[in-house]
Each structure stands twice: as C-alpha cells, then as structure tokens.
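First the structure, in the form of structure tokens, and then the observations on it.
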Amino acid sequence: MERIQTEKQYEDLINRDGLTVIKYDATWCPDCKTLDKFLPDIMAKHPDKEFYALDVEQLEEITSKNEVRGIPSLLVYKNGEKLAHLHSKFAKTPSQISEYLETLESKK
C-alpha cells in the first residue's frame, strides 16, 4: 500500500472522483501491524476503492483536521469530502472492516 508523504499528495488523492480509503497509522502501533496482516485480502475484495496509508506522526495537521483520535483508523473520501470514518476500536478484525467497506457501496 502506497504511503502518503505530503499534504499535496493527500489533497490530490481525496479530491478524486472515486472512493479513496486512507489508513491512519504509526510505525510503533501494534494494532496497525495486525491490521496490515489482513488488509491485503480486504483490498483485493474492493478493487473499486483506492487504498493508501498515512503516518499520523508525519502528517499531524491532516490527522488533527480529520479528527483521528485513535489508530488504526480508516477514513474514506470522495471529491474532497470525508464520507466515512472507521474509528480504531472498530478496525480490529477483518469482518469489522469488510462490513464498514460494504456500507460505502451506496456512496460511489
């Protein structure tokens, strides 16, 4: 999964017409590492969405602006608007994440 390195890259990605899913994480986060183990399978089941990762400590202003208070969190954007936010306490199992992504089908 490609990592977002700059604010410009972030802006370009969230302003796309399709659904962009950004995983907010940190290198030291054990739950983030667990999520990384099963996220590739989930991504394969959702080829209609673009997936990226963002380190909360590298891009703190973006993290704060999006009200990310726990990691890992998955946020979904389209046309510059945040459509959904799966908070960290609900992003721990493959089924939680799959259910979350399936609720986005109506927002395409």
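Taking CG of Asp25 as the reference point, atom CG of Asp36 lies at 6.5 Å (rounded to 0.5 Å). Atoms CG and OG, from Leu54 and Ser73 in turn, are 11.0 Å apart once rounded to the nearest 0.5 Å.
In the hydrophobic clustering of this structure, Leu83 groups with Leu74; members are Ile, Leu, Val, Met, Phe, Trp, Tyr whose side-chain heavy atoms approach within less than 4.5 Å, directly or through other members. Placement of Ile97 and Phe51 within a single hydrophobic cluster is found when ILVMFWY residues are connected by side-chain heavy-atom separations under 4.5 Å, directly or transitively.
Residues Lys33 and Asp31 have side chains not in contact (no heavy-atom distance under 4.5 Å, counting atoms from C-beta outward). Taking the side chain as every heavy atom from C-beta outward, Asn66 and Lys82 approach each other to under 4.5 Å. You'll find the side chain of Thr20 stays beyond 4.5 Å of the side chain of Val76, heavy atoms only. In this structure the side chain of Tyr24 reaches within 4.5 angstrom of the side chain of Leu75, judged on heavy atoms.
For Thr93 and Gln96, the side-chain atoms include at least one donor-acceptor pair closer than 3.5 Å.
Glu11 places no side-chain N or O within donor-acceptor distance of the main-chain N or O of Glu7, the cut-off being under 3.5 Å. Thr103 places a side-chain N or O within donor-acceptor distance of the main-chain N or O of Tyr100, the cut-off being under 3.5 Å. In this structure a side-chain-to-backbone donor-acceptor pair under 3.5 Å is missing from Ser64 to Glu60.
Of the options Leu35, Ile71, Asp55, a side-chain contact (heavy atoms from CB on, under 4.5 Å) to Lys23 is made by Leu35 and by none of the others.
Comment: Glu81 does not engage Arg16 in a salt bridge, judged by the lack of any side-chain N to carboxylate O separation of less than 4.0 angstrom.
Within 6.0 Å of atom NZ in Lys45, 12 or fewer heavy atoms from other residues, nucleotides or ligands are found, so the atom counts as exposed in its surroundings.
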